[in-house]
Amino acid sequence: MYLIQIKDLSFSYASKKDALKHINLNIEKGTFTCIVGENGSGKSTLLKCILGLNKGYTGEIIKETHIGYLPQKSDIQTNFPATIEEVVLSGTISNNVRSVFYKKEDKEKAKDVMQKLGIYDIRKKCFANISGGQQQRVLIARALCATKDIIILDEPTNGLDPSISKQIYELLDKLKKEDKITIFMVSHDVERALNYADTVVELLNGEIVFNGKPQDFKLGGAN
Ligand code: ADP
Ligand code: MG
């Protein structure tokens, strides 16, 4: 079963034509997909089209479910004065846009997710004061609050130490295996992507140049 189907998607920014060209891609339930490719190849643009943050694309994107999202670091503010708990809970807002109040079920979901990710005991700490690795863990928890099916992450391990980065990949793998969460992420770390992903997709100049199993992958789409 496909959670997301992308059919002949093309997208241009006002100042950047053809940021994406004729993208066809299906995201199968229960899989771990890594998007790789050099800077400026269109990876973040693709995620933003899927999430509805880039308007005016051509082609079709069919979504079967709510999506949790962890943006690229450059797109988020990490110094705001909120507690871990508040950041995680804010992930539930997309589920009940009509209300500014959190429902009991939202609070329970946030608690479950924080416990699962090992951040419940530190939930009253200020988000701005925890390490970069912990912040990403909190943002994964936040993304999980918006969905029961799929999270989309944009370079969640960028700037982290290798050992912390490995922990993040292992956490995502665990969410896939234990909770059947589908993982769709942009990765700057090809080696790790090949280790953990079921499917690797490489973008180059807005086009898919590889879509297949990690063992068949060669950098640059030269296959
Ligand atoms: P990646 O995530 O693979 O590094 P992006 O999707 O961010 O690449 O960018 C793809 C191309 O679109 C790049 O040439 C980039 O400069 C351009 N681009 C990205 N965001 C914008 C924007 N908001 N306005 C104009 N051009 C953009
Ligand atoms: Mg990017």
Side-chain angles (χ1 to χ4, degrees), residues 4-27 31-61 63 67-79 91 132-133 135-140 142-143 146-147 150-162 164-165 168-169 171-172 182-212 214 217-223:
I4 298 173
Q5 294 176 68
I6 301 170
K7 297 178 181 174
D8 199 28
L9 167 70
S10 294
F11 179 78
S12 293
Y13 293 103
S15 58
K16 166 75 186 168
K17 266 185 76 84
D18 299 327
L20 293 174
K21 291 179 268 189
H22 304 291
I23 301 289
N24 288 288
L25 187 64
N26 294 319
I27 305 175
T31 55
F32 190 152
T33 301
C34 281
I35 313 290
V36 300
E38 58 188 46
N39 270 342
S41 56
K43 304 181 297 296
S44 297
T45 302
L46 173 61
L47 299 198
K48 287 176 187 172
C49 286
I50 294 172
L51 291 153
L53 301 171
N54 279 339
K55 311 272 185 216
Y57 56 77
T58 62
E60 197 178 3
I61 302 175
K63 297 183 269 189
I67 300 170
Y69 176 46
L70 191 164
Q72 196 166 347
K73 227 174 213 158
S74 51
D75 286 351
I76 42 174
Q77 211 189 331
T78 49
N79 61 350
Q135 285 188 337
Q136 291 306 79
R137 203 172 266 271
V138 170
L139 292 172
I140 292 170
R142 178 180 190 276
T147 184
I150 176 167
I151 52 174
I152 290 187
L153 311 94
D154 201 341
E155 304 202 9
T157 64
N158 210 359
L160 300 181
D161 288 345
I164 306 293
S165 176
I168 298 283
Y169 276 86
L171 169 64
L172 295 172
T182 303
I183 313 286
F184 189 74
M185 73 180 268
V186 173
S187 171
H188 66 287
D189 183 347
V190 174
E191 203 174 312
R192 251 192 244 291
L194 296 179
N195 256 319
Y196 287 89
D198 307 304
T199 304
V200 175
V201 174
E202 184 185 6
L203 282 180
L204 184 66
N205 296 326
E207 290 179 282
I208 293 181
V209 291
F210 179 86
N211 178 3
F217 179 77
K218 289 188 196 71
L219 204 60
N223 57 315

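Please read all numbers here as calculations on a predicted model, not as lab measurements. Both counts, for ligands and for their atoms, begin at 1 and track the order of listing.
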Set out, in order, the CA-CA distance, both residues' side-chain angles and the distance that settles side chain to side chain contact (heavy atoms under 4.5 Å, CB included) for F184 and L25, then state yes or no. CA-CA 12 Å; F184 189 74; L25 187 64; 3.9 Å; yes
Residue pair P156 / K73, side-chain heavy-atom distance below 4.5 Å: no
Verify atom 27 (C) of ligand 1: protein non-hydrogen atom under 4.0 angstrom away: yes
Does any part of the side chain of E60, heavy atoms only, come nearer than 4.5 Å to the side chain of I6, both counted from C-beta? no
If you scan protein heavy atoms around atom 25 (C) of ligand 1, the nearest is S15 OG, 3.3 Å
Just heavy atoms, cut-off under 4.0 Å: does K16 contact ligand 1 by side chain, backbone, both, or neither? side chain
Sub-4.0 Å protein heavy atom near atom 16 (O) of ligand 1: no
Among all protein heavy atoms, pick out the one at the shortest distance from atom 6 (O) of ligand 1; state its residue, atom name and that distance to 0.1 Å. T45 OG1, 2.5 Å
Can you check the angle at the Mg ion (ligand 2) formed by OG of S44 and OE1 of Q72? Round it to the nearest 10°. 70°
Which heavy atom of A146 sits nearest a heavy atom of G68, and at what distance? CB-CA, 4.0 Å
Just to confirm my output: which protein heavy-atom neighbour is closest to atom 10 (C) of ligand 1, and how far is it? G40 O, 3.5 Å
Where is the nearest protein heavy atom to atom 23 (N) of ligand 1: which residue, which atom, and how far? Y13 CE2, 3.7 Å
Per side chain to side chain contact (heavy atoms under 4.5 Å, CB included), L70 is matched among L139, L47, V138, I152 by L139
Can you tell me how the ring of F217 sits relative to the ring of F210, calling it parallel under 30°, perpendicular over 60° and tilted otherwise? perpendicular
Tell me, do I35 and S187 make a side-chain contact under 4.5 Å, heavy atoms counted? no
Just to confirm my output: which protein heavy-atom neighbour is closest to atom 7 (O) of ligand 1, and how far is it? S44 CB, 3.8 Å
